[in-house]
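First the structure, in the form of structure tokens, and then the observations on it.
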Amino acid sequence: MKQSVRETLRCAGRTPADLSAFEILRKTFGHTEFRGAQRAIIERIAAGGDALVLMPTGGGKSLCYQVPALLREGTAVVVSPLIALMQDQVAALTQLGVRAAFLNSTLAIDEAQAVEQAFVRGELDLIYVAPERLTTPRCLDLIGRARVALFAIDEAHCVSQWGHDFRPDYLQLSVLHERFPAVPRIALTATADPQTRTEIVQRLALADAQVFVSSFDRPNIRYAIVDKVDARAQLLRFIRAEHSGEAGIVYCLSRRRVEETAHWLRGQGIAALAYHAGMDSAARNEHQARFQREDGVVMVATIAFGMGIDKPDVRFVAHIDLPKSIEGYYQETGRAGRDGLAADAWMAYGLGDVVQQRRLIDLSEAGEAHKRISAAKLDALLALCETVQCRRVRLLAYFGEASGPCGNCDTCLAPPQTWDATEAARKALSAIYRTGQRFGAVHLVDVLRGRTNERVLRWDHHRLGVFGIGADLADAQWRGVFRQLVALGYAEVDHGAYGAFKLTAAARPVLRGEQRVEMRRSAQTPPARAARDRIARESTARKPDATLLVRLKEWRREEARRQAVPAYVILHDATLSEIAQRSPRDLGALAVISGMGQKRLDRYGRALIDLIGASGENGDNGA
């Protein structure tokens, strides 16, 4: 493999390393140009330097170590946290003619021994290993007997003890620098705020690494956050209106909610599966395999599902419970649209979510420092939920990236209205104070609305001056007021008093009439799918032939079934879409389609050309 690439070097005026990288990119991976910082990163690693790479999901991180692996002598050792990710990466690389293998618990003893022997003999280009295996003395000794081209540490944010995906085994990976100081290392992640970046550098001993920070923007994803009224019904309307028959992920906070939501969606005719850590491992593996291999499956899951998911055609990620932080939200929504085609990040968010997340933080066994950081991260997420400005601007600013309004989020497409909520805020804060700062939103709304129910009468709250002063606003409006009071920092939730609201110091100027309060009006539905249609129009001047695209997907499905691999391992949706758009009639025209590559052309080219020709003869392939 490596020798054949070197034989292709030509074109005066470029360095040999540059030419090799470009030829590998074109002939092996089927791409005609590097994206963003890919070329500079590859040059850095190929030359023997270390690098820390921050690049969004779908931005092409894998190529940053896969291309140098084919340029340098020896085998690239890739640290990967999930078995499913290893298997998918190896299957995809094998399709491209790259010699790749993995070492994990799914292998029988003789299979693992065969992989180890091939590694030591230098018969592999890449080998994928889990962090807990790699740091064992046996595996380190094995690495010492092989020729290693580079170490790639994927999902490097797992090293951060403050992060949402902390993996203790990652803390031991500094041993790679200690044992093999001459081998270049590349650490990669899609999510890292400045604090996490610093922690990655320190804990992985990457002080001399060059840091490459790509834009965190995923312009193909439309962000929408709606006020939660009936989350399941809202979710169903969203799926049916925007993504009927398409693959998606629905995130829930608890295992019980996962099971109930998946069951309910199946009852509504949606192909939904459940996934959480409490399930039997065989059932979890089966559901993950179905999600990877079948079209149109919706996975309902806790955050136990997702890290490293390599399925490129996930068309939406939905949250019916609030995540813990912007990092978690960004990481999870980033699993949509990895192929660059239009996708949605949709979330339903309400007061109960705020109370629940505050409770989880307060009741955590973590130290006070960790609780303060967790609370700050939640506050940043609440600000994203409540903003009346572009959500993408707010999201990118969290990662230190300046941007302008995107035109592809709900607040850009349908700017939310704001209202002078000063009087409503004063009434709500007064109700909290007059009732002794001992009650939650349901009771406070009853008092403000003037309801003489058993609870209100028992506490004599019908005699308070605040009783009935809020009859002009509906229950949903008052819930929005209380939610935004917490988000704005005027009130907080006391979990020692069963979720009671308490005033903060910031409430005083509001109560005294010295500070104006502006709030966003409730929104229960995102704007129409105009943004997706617009992106589709802008991404291609000529739409793919719909009939041909269906036939291409049917062919791919059968080929994937025959080889027992996920359909996208054969060819990505974006590649099929481009084929259906261009209708190439010979192998030369097919070769320039992005994502084909020489091995795929050799393996599938003739079948694809025949299929296109047959469609044209039947009159299906119109101009």
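The residues of the chain are indexed from 1 along the displayed sequence.
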Going by heavy atoms in the side chains, are Leu265 and Leu235 under 4.5 Å from each other? yes
Hey, are the side chains of Asn453 and Val456 touching, using non-hydrogen atoms and a 4.5 Å cut-off? yes
Is the Phe238-His243 ring centre distance short of 6.0 angstrom? yes
Before accepting this row, confirm whether a basic side-chain N of the pair Glu492/Arg358 lies closer than 4.0 Å to the acidic partner's carboxylate O. no
Can you tell me how far apart CD (Gln484) and CG (Leu382) are? Round to the nearest 0.5 Å. 10.5 Å
Run the side-chain hydrogen bond (donor to acceptor under 3.5 Å, both in side chains) test on Thr189 and Glu155 for me, step by step, so that the C-alpha distance in whole Å, both residues' side-chain angles and the decisive distance to 0.1 Å come before the verdict. CA-CA 5 Å; Thr189 180; Glu155 308 289 352; 5.2 Å; no
side-chain contact (heavy atoms from CB on, under 4.5 Å) between Leu485 and Leu429, worked out: CA-CA 9 Å; Leu485 286 175; Leu429 294 171; 4.1 Å; yes
Got more than 12 heavy atoms from elsewhere within 6.0 Å of CH2, Trp264? yes
Taking the six-membered ring of Tyr568 as reference, does the NZ or CZ atom of Lys311 fall below 6.0 Å from its centre and within a 45° cone about the axis? no
Ignoring hydrogens and angles, tell me if any N or O in the side chain of Ser577 forms a donor-acceptor pair with the backbone of Asp573 under 3.5 Å. no
Less than 4.5 Å apart, side chain to side chain, heavy atoms only: is that true for Pro56 and Lys61? no
Does Leu378 offer a backbone N or O that forms a donor-acceptor pair with the side chain of Lys324 under 3.5 Å? no
Inspect the contact between Arg315 and Asp339 and indicate whether a charged nitrogen and a carboxylate oxygen are less than 4.0 angstrom apart. yes
Heavy atoms, side chains only, cut-off 4.5 Å: are Val226 and Trp346 in contact? yes
What's the spacing between Leu381 CG and Ile225 CD1 if we round to 0.5 Å? 7.0 Å
Has the side chain of Glu332 got a donor or acceptor atom that lies under 3.5 Å from a matching backbone atom of Ile303? no
If only atom types and distance count, is the side chain of Gln331 paired as donor or acceptor with the main-chain N or O of Ala190 below 3.5 Å? no
Determine, for Arg483 against Asp227, whether the closest basic-nitrogen to carboxylate-oxygen distance falls under 4.0 angstrom. yes
Would you say that Tyr251 contacts Thr302 through its side chain, given a criterion of any heavy-atom pair below 4.5 Å between the two side chains? no
Does the side chain of Ser215 pick up a donor-acceptor pair with the side chain of Asp217 at under 3.5 Å? no
Validation row, ring centre His461 to ring centre Phe439 under 6.0 Å: yes
Are side-chain N/O atoms of Gln356 and Arg359 paired as donor and acceptor at under 3.5 Å? yes
Main chain of Leu511, side chain of Arg426: is a donor-acceptor contact present, judged purely on distance under 3.5 Å? yes
Between Thr196 and His157 (side chain of the first, backbone of the second, donor and acceptor by atom type, cut-off under 3.5 Å), is there such a pair? no
Treating Trp478 as the side-chain partner and Gly470 as the backbone partner, does any N or O pair qualify as donor plus acceptor under 3.5 Å? yes
Rounding to 0.5 Å, atoms CG (Leu253) and CD1 (Ile320) come to a distance of 10.0 Å
In this structure, OG1 of Thr261 is separated from NE2 of His263 (nearest 0.5 Å) by 11.0 Å
Are Phe216 and Tyr398 an aromatic pair, judged by ring center distance below 6.0 Å? no
I'd like to know if Arg458 and Glu454 make a salt bridge, using a cut-off of under 4.0 Å between side-chain N and carboxylate O. yes
If you round to the nearest 0.5 Å, how far is CZ of Arg284 from CZ of Phe305? 11.5 Å
Given the rule in the side-chain contact (heavy atoms from CB on, under 4.5 Å) test, do Cys385 and Met347 qualify, once you have shown the distances and angles that lead to the verdict? CA-CA 9 Å; Cys385 293; Met347 180 164 67; 3.6 Å; yes
What residue pairs, at least two apart or across chains, pass salt bridge (charged side-chain N to carboxylate O under 4.0 Å, His left out) with a residue in residues 257-271? Arg256-Glu260, Arg257-Asp321
side-chain hydrogen bond (donor to acceptor under 3.5 Å, both in side chains) partners of Glu286, counting only residues at least two apart: none
Value for CG (Leu384) from OG1 (Thr411), rounded to nearest 0.5 Å, stands at 9.0 Å
With a 4.0 Å cut-off, would you call Glu242 and Arg222 a salt bridge? yes
What verdict does the ring pair (Phe, Tyr, Trp, His ring centres under 6.0 Å) test give for Tyr330 and Phe399, after you've listed the backbone C-alpha separation in whole Å, the side-chain angles of each residue and the deciding distance to 0.1 Å? CA-CA 10 Å; Tyr330 180 82; Phe399 295 107; 5.1 Å; yes
Just jot down the ring pair (Phe, Tyr, Trp, His ring centres under 6.0 Å) partners of Phe482, sequence neighbours excluded, or say none. Phe501
Backbone N/O of Arg516 and side chain of Asp420: donor-acceptor pair under 3.5 Å: no
Answer yes or no: does atom CZ of Arg455 have more than 12 heavy-atom neighbours from other residues, nucleotides or ligands under 6.0 Å? yes
Decide salt bridge (charged side-chain N to carboxylate O under 4.0 Å, His left out) for Asp410 and Arg391; before the verdict, give the C-alpha distance in whole Å, the side-chain angles of both, and the deciding distance to 0.1 Å. CA-CA 8 Å; Asp410 55 348; Arg391 295 207 195 273; 2.8 Å; yes
Counting neighbours of CD on Gln389 that are heavy atoms of other residues, nucleotides or ligands and sit closer than 6.0 Å, is the number greater than 12? no
Is there a donor-acceptor pair under 3.5 Å between the side chain of His462 and the backbone N or O of Thr452? no
Taking atom CD of Gln417 as the centre, does the number of heavy atoms from other residues, nucleotides or ligands within less than 6.0 Å exceed 12? no
Any donor-acceptor N/O pair, Thr387 side chain to Ala383 backbone, under 3.5 Å: no
Salt bridge (charged side-chain N to carboxylate O under 4.0 Å, His left out) between Arg197 and Glu199, intermediate numbers included: CA-CA 5 Å; Arg197 298 175 205 176; Glu199 199 167 355; over 6 Å; no
With sequence neighbours excluded, residues passing side chain to side chain contact (heavy atoms under 4.5 Å, CB included) with Asp475: Val445, Arg449, Arg451, Arg479
Can you list everything that forms a ring pair (Phe, Tyr, Trp, His ring centres under 6.0 Å) with Tyr329? Sequence neighbours excluded, please. His319
Taking only residues two or more places apart in sequence or in another chain, which ones pass side chain to side chain contact (heavy atoms under 4.5 Å, CB included) with Glu514? Pro509, Arg512
Are more than 12 heavy atoms from other residues, nucleotides or ligands located less than 6.0 Å from atom CZ of Arg434? no
Residues Leu54, Leu52; criterion side-chain contact (heavy atoms from CB on, under 4.5 Å); working and verdict: CA-CA 7 Å; Leu54 289 87; Leu52 170 59; 3.7 Å; yes
Carboxylate-amine/guanidinium contact Asp295 Lys553, below 4.0 Å: no
A side-chain contact here means heavy atoms from C-beta on lying under 4.5 Å apart; do Tyr223 and Arg218 qualify? yes
Where Arg392 and Cys406 come nearest, the two heavy atoms and their spacing: NE-CB, 3.1 Å
